[in-house]
Amino acid sequence: MLNPQQQAAVEKTDRPLLVLAGAGCGKTRVITEKMAHLIRTRFCSPDGMFAITFTNKAAKEMKQRAMQMIQGGEGLNISTFHSLGLRLMQQEIAHTQFHRGFSILDASECQKVILSLLPKGFKKELANQLQWQISGWKNAGLKPEQVETTVPMAAEIYQQYLNYMVNINAMDFDDLILRPLWLLNGHQEVRERWQQRIDYLMVDEYQDTNTSQYQLIKTLMGQGNHLTCVGDDDQSIYGWRGAQIENLQLLQRDFPRLAVVKLEQNYRSSSIILQAANEVIKNNPHPFDKKIWSDLGEGEPINITAYQSAEEEAEQVVTDICFQKRVNLKNYSDYAILYRSNHQAKLLEQALRINNIPYQMSGGRSFFDYSEIKDLMAYIRLLANPRDNSAFLRCINTPKRGIGMQTVQQISLIAKHQGKSFFQTCSESQILNELSPSAKQKVTAFVHLIQNHQQMKTTADKVLTSLVSQIDYINWVNISANNKTAKINKTKLVRDFLKWVDAIGSNKSFNMEELMNYLSLQTSQEEENKEDAVKMMTLHAAKGLEFEHVYLVGVEEGILPHANSLADANESNDAVEEERRLMYVGITRAMRRLKVSYVKKRKKRFQDDNSDTFSGPSRFLDEIPAELTHGYHQKNLTVEQQKANNKKNFAALKALFEE
DNA sequence: GACAGAGCGGTTTTT
DNA sequence: CCGCTCTGTC
């Protein structure tokens, strides 16, 4: 049953609508119900229905829910912003400067591209800075002639970067929003076609949109009655990526007939948890006033505990999970450990492993960050897009085939001179005569290897398997790994990747281009949903999820709020406010039980012992009223008292196991 | 000209 | 602790 506000949000179809939905107030439910409603009432057809999310996970979940509810749900267009942009570019490729099979470059490759555009002698640092700046401009929807900067040459580099990416037929993530936007703005016919095609547009997590994404929404909407945006200003945690909370107000300006519905009844958490969340977020300024509540009962007080060290924190959290699971007979998957940054996961992971507790970590080091996966992705890209110089540079001497820097530099010079891509340069044999005979022969062998596989008339997974065996890649991984565990891990990594590709291939029969596109927008390996495992993730990754038991660890000044947010706090409080929202997101993930902890000393990163730091419990802990907690008084316990407490807990647990 | 081994510097959050 | 840069060797 929907409550009256939810019902109103579902049935409001004659105006653009903004749904301000507090955490756990059923916003995904409203979106899917609304889709069902619109289709049932023939307001729009499934293929005119577009829903946009920010993460693959959210898109997948929404699809699943919609499928259960809606007949003909296969036709629905539910995707992330970026994959919608990709699709638009592919379908309208004839109207762009790009060619079929364009690549998508990840951040580290983009940095290399920028570095290569700088005059000799400039260091990575500058490239990094420029990359950051350019990304900011792209997120703001700015063209090089519109930007203002104090960094000399930055605008020129931006222009060169845009041109170079066209030349190598590649885009970065920001381009997937920006290029479609520019295309629609520049082509009336294309714009109108898409506006007609979209009967209704839903945007989830609207508070996370940046300026270019907002412009894209606006452009796609045209007149704009058939738009529903769902968001929560208190959960805006992507400001660093250009997200503008102001977009919530802009909606009111740009769509004067906008209706606003607030969802405040929470169906997730017990009321003490919600009170704590409200109290914390109260310390931020609020354009829209909103207070979430639930009738699920008071529930347990929040537990706030201080530990002596991060090691102890990890041990005790794991001990507590064992204890709780034993008492409550819940599944491991009802427990989540949440943290501000990925490196915090390490100790927790160890503790879980020692205690033989199954766990599933999302995020962390992305699957696609491993050099082995990057290698294989580069091969896939080169096969699908021979113009991709970045992929070429990675493949040309991996595994080592005796083609070194000198040769590559020569090729690069010739290519620049001829205005051709690296691969094309290499495939025209007379051009290579400037190279030494031995180099020429090696390069030619490489070109043949790639060409042979480009011409194979079979599915992408089979082509890749053939290529991997021909370059003897597994063997190369074994040679280059310097210890036994690395050998095993990396071999497994490669085999997992191939297995995954195989699985994709067997149910979709992709060609190389389709495989590349699919993989390029994935951030992690398809999670074989480990049935019963403790979930570990960053606060960013946890948004949208819920767990019976939540452990929020490392809630210390310098971590949450993060040190960098404190550094520029004197200029504005924006950064700390965003950290507070992160805290809010963390608290509101918990359904029944929330355990927050901080540690008294923490090893400084990359340093040996005896360099512990203590920056104190987070300011956000002081914002939680004492009467909602049991245990925050532990802040004032002596070391001995705390040790005694921990001992007692441990003894109780042990007794339980020995029963 | 290519490559292996040794030293150094750098961690917020992600599509 | 891992990947990149510098150096000496083949």
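Quick note on labels: first sequence line is chain A, next is B, and so on, each numbered from 1.
A salt bridge links A:Lys543 to A:Asp208: at least one charged side-chain nitrogen sits closer than 4.0 Å to a carboxylate oxygen.
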**Complete:** In B/S/- notation (B base, S sugar-phosphate only, - none; protein heavy atoms under 4.0 Å), nucleotides 2-9 of chain B written 5' to 3' is SSS-----
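Not one side-chain nitrogen or oxygen of A:Ser83 sits closer than 4.0 Å to the OP1 or OP2 atom of B:dT15. Here A:Asn342 reaches the OP1 or OP2 of B:dT13: one of its side-chain N or O atoms lies under 4.0 Å away.
Residue pairs meeting the side chain to side chain donor-acceptor pair (under 3.5 Å) criterion with at least one member in residues 398-412 of chain A, sequence neighbours excluded, are A:Tyr379-A:Arg401. Legend: salt bridge (charged side-chain N to carboxylate O under 4.0 Å, His left out) pairs involving residues 107-116 of chain A, not counting sequence neighbours, sorted by first then second residue: A:Glu109-A:Arg381. Residue pairs that meet the salt bridge (charged side-chain N to carboxylate O under 4.0 Å, His left out) test with at least one member in residues 552-565 of chain A, sequence neighbours left out, are A:Glu556-A:Arg602, A:Glu557-A:Arg619.
Distance A:Lys543 NZ to B:dT12 P: 21 Å, rounded to the nearest Å. We find that CD1 of A:Ile177 is positioned 13 Å from P of B:dT15, with the value rounded to whole Å. Remark: C1' of C:dC1 and NZ of A:Lys490 are 12 Å apart, rounded to the nearest angstrom. Atom pair A:Ile411:CD1 and B:dG1:C1' shows a separation of 14 Å (rounding to whole Å applied). Distance A:Arg179 CZ to B:dT15 P: 22 Å, rounded to the nearest Å. Across the protein-nucleic acid pair, A:His540 atom NE2 and B:dT12 atom C1' stand 8 Å apart, rounded to whole Å. Counting to the nearest Å, the P atom of B:dT12 and the OH atom of A:Tyr339 are 16 Å from each other. Rounded to whole angstrom, the span from the CD atom of A:Gln207 across to the C1' atom of B:dT14 amounts to 15 Å.
Set against B:dT14, B:dT12, B:dT15, the side chain of A:Thr538 has B:dT14 as its closest nucleotide. Of the candidate nucleotides B:dT15, B:dT13, B:dT12, B:dT13 has the atom nearest to the side chain of A:Trp240. With B:dT13, B:dT15, C:dC1 as the candidates, the nucleotide lying closest to the side chain of A:Lys346 is C:dC1.
Partners of A:Ser79 by side-chain contact (heavy atoms from CB on, under 4.5 Å), not counting sequence neighbours, listed by chain and number: A:Ser83, A:Leu84. With sequence neighbours excluded, the residues that form a salt bridge (charged side-chain N to carboxylate O under 4.0 Å, His left out) with A:Glu513 are A:Arg100. In this structure A:Gln90 satisfies the side-chain contact (heavy atoms from CB on, under 4.5 Å) test together with A:Leu86, A:Phe102, A:Asn517, sequence neighbours excluded. With sequence neighbours left out, A:Tyr214 forms a ring-ring contact (aromatic ring centres under 6.0 Å, His included) with no residue at all. Every residue two or more places apart in sequence or in another chain that forms a side-chain contact (heavy atoms from CB on, under 4.5 Å) with A:Val477 is listed here: A:Glu372, A:Tyr473, A:Lys490, A:Thr491, A:Val494. Here A:Ser116 pairs with nothing under the side-chain contact (heavy atoms from CB on, under 4.5 Å) rule; sequence neighbours left out.
Taking a 6.0 Å sphere around CD of A:Glu246, one finds it holds more than 12 heavy atoms contributed by other residues, nucleotides or ligands.
Using bins of under 30°, 30° to 60° and over 60° for the plane-to-plane angle, the ring pair A:Phe423/A:Phe446 lands in the perpendicular bin.
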List, with names and distances, any nitrogen or oxygen atoms from the protein found under 3.5 Å away from nitrogen or oxygen atoms belonging to nucleotides 6-10 of chain C.
none

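A:Phe81 comes within contact range of no nucleotide atom at all, as no heavy-atom separation falls under 4.0 Å.
Between A:His562 and B:dT12, a base-stacking contact is recorded: ring centres under 5.5 Å apart, planes less than 30° from parallel.
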**Fill in**
Given Watson-Crick and G-U pairs under 3.5 Å, DNA chain C in dot-bracket ([ ] crossing, | other strand) is .|||||||||
